[in-house]
Engineer: 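Sharing a structure below in structure tokens format, with a few things to ask.
Counting starts at 1 for both ligands and their atoms, following the listed order. For the numbers below, each heavy atom of this structure counts, side chains included, while hydrogens, waters and symmetry mates do not.
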Amino acid sequence: MTRRLRIGHLYADFMNVYGDRGNVLALLYRCRARGIEADVATAAAGERFDPSAFDLLLMGGGQDGEQRRVADDLQLHGEAIRAAVADGMPVLAVCGGYQLFGRRYVDDQGNVLPGIAVFDLETRHPGTRANRCVGNVVVDTPLGEVVGFENHGGRTFLAPGQEPFGRVRRGLGNNAKDGTEGARRGNAIGTYLHGSLLPKNPAVTDFLIRRALERREGRAVDLEPLEDTAERAAHARAIALAMRKR
Ligand code: GLN
């Protein structure tokens with residue numbers, strides 16, 4: 001039986017900064033290296049798409065201007081995406097995409113951009129005079145140690161009971177105050193980590209692939225381990241850079 005995964009990449013044209021498209025490449029590479037047929041379909045603003053046609057959804061980051069261009073369109077798919085997540089669909093939403101998977105994002109001009117409320121959180125941009133949260137980040141998560149790069153103006157606050165993706169060991173995370181980073185709901189992950197995230201964090205990539213296959217096949221799935229020398233070296237190097245004395 002040939003295994004197959006259908007990856008949906010939301011707003012790949014507007015929401016793609018700091019190498020986010022690399023997350024698609026990492027998923028494709030780790031699927032194909034195991035003989036899993038994987039294909040990607042992008043969905044742009046104004047295009048109808050049905051989340052149930054996919055096994056895994058990705059959304060990258062973007063500056064406030066891009067977020068203003070896609071927020072209303074994303075609303076049209078909110079209910080279907082929430083239903084798919086409640087049914088166990090894996091999602092990776094990064095930075096500006098992560099913010100729009102929350103309840104709302106108050107942008108750098110004070111505009112209230114509605115979110116699709118997959119995560120119970122709100123984000124507020126303190127205004128363009130305030131410092132951005134920029135730099136290398138190390139996060140301790142249930143999936144292990146994760147490393148990446150953050151660059152965001154918005155500060156995100158999780159509602160009581162909303163699980164974070166992890167705890168910041170180095171970096172600013174959601175709001176530079178409470179030590180949380182990102183958010184998690186079932187197999188859906190929201191994070192501020194760019195870089196791109198997945199190439200140097202193979203444990204997160206394999207988590208998304210495994211959960212997508214388990215949901216598709218309705219049974220537990222063991223993924224064949226891959227060689228990963230380059231991934232581990234990139235991960236270790238990024239950790240060393242992030243943890244360097246400042
Ligand atoms: N525009 C958002 C912010 O500044 C997200 C930025 C991003 O995706 N890198 O917070």
Engineer: Using a distance-only test with no angle check, is there a side-chain donor-acceptor pair under 3.5 angstrom linking R170 and N136?
Structural biologist: no
Engineer: List in chain and number order the residues that pass salt bridge (Lys or Arg N to Asp or Glu O under 4.0 Å) with D107, two or more places apart in sequence or in another chain; answer none if no residue qualifies.
Structural biologist: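 So D107 forms a salt bridge (Lys or Arg N to Asp or Glu O under 4.0 Å) with R68.
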Engineer: Please output the residues near ligand 1 using a strict heavy-atom distance under 4.0 Å, listed in chain and residue-number order.
Structural biologist: V17, Y18, G61, G62, Q63, D64, Q67, C95, G96, Q99, Y105, R132, N151, H152, G153, G154, H194
Engineer: Quick one: side chain to side chain donor-acceptor pair (under 3.5 Å) pairs with a partner in residues 88-101, sequence neighbours left out?
Structural biologist: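 The answer is Q67-Q99, Y98-N174, Q99-Y192.
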Engineer: Could you tell me which residues satisfy side-chain contact (heavy atoms from CB on, under 4.5 Å) with A41, sequence neighbours excluded, listed by chain and number?
Structural biologist: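 In terms of side-chain contact (heavy atoms from CB on, under 4.5 Å), with neighbours along the sequence ignored, A41 is linked to F54.
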Engineer: Side chains of E181 and T191: any donor to acceptor distance under 3.5 Å?
Structural biologist: yes
Engineer: Carefully, step by step, assess Y11 and D73 under the rule side-chain hydrogen bond (donor to acceptor under 3.5 Å, both in side chains).
Structural biologist: CA-CA 10 Å; Y11 313 112; D73 189 83; 2.6 Å; yes
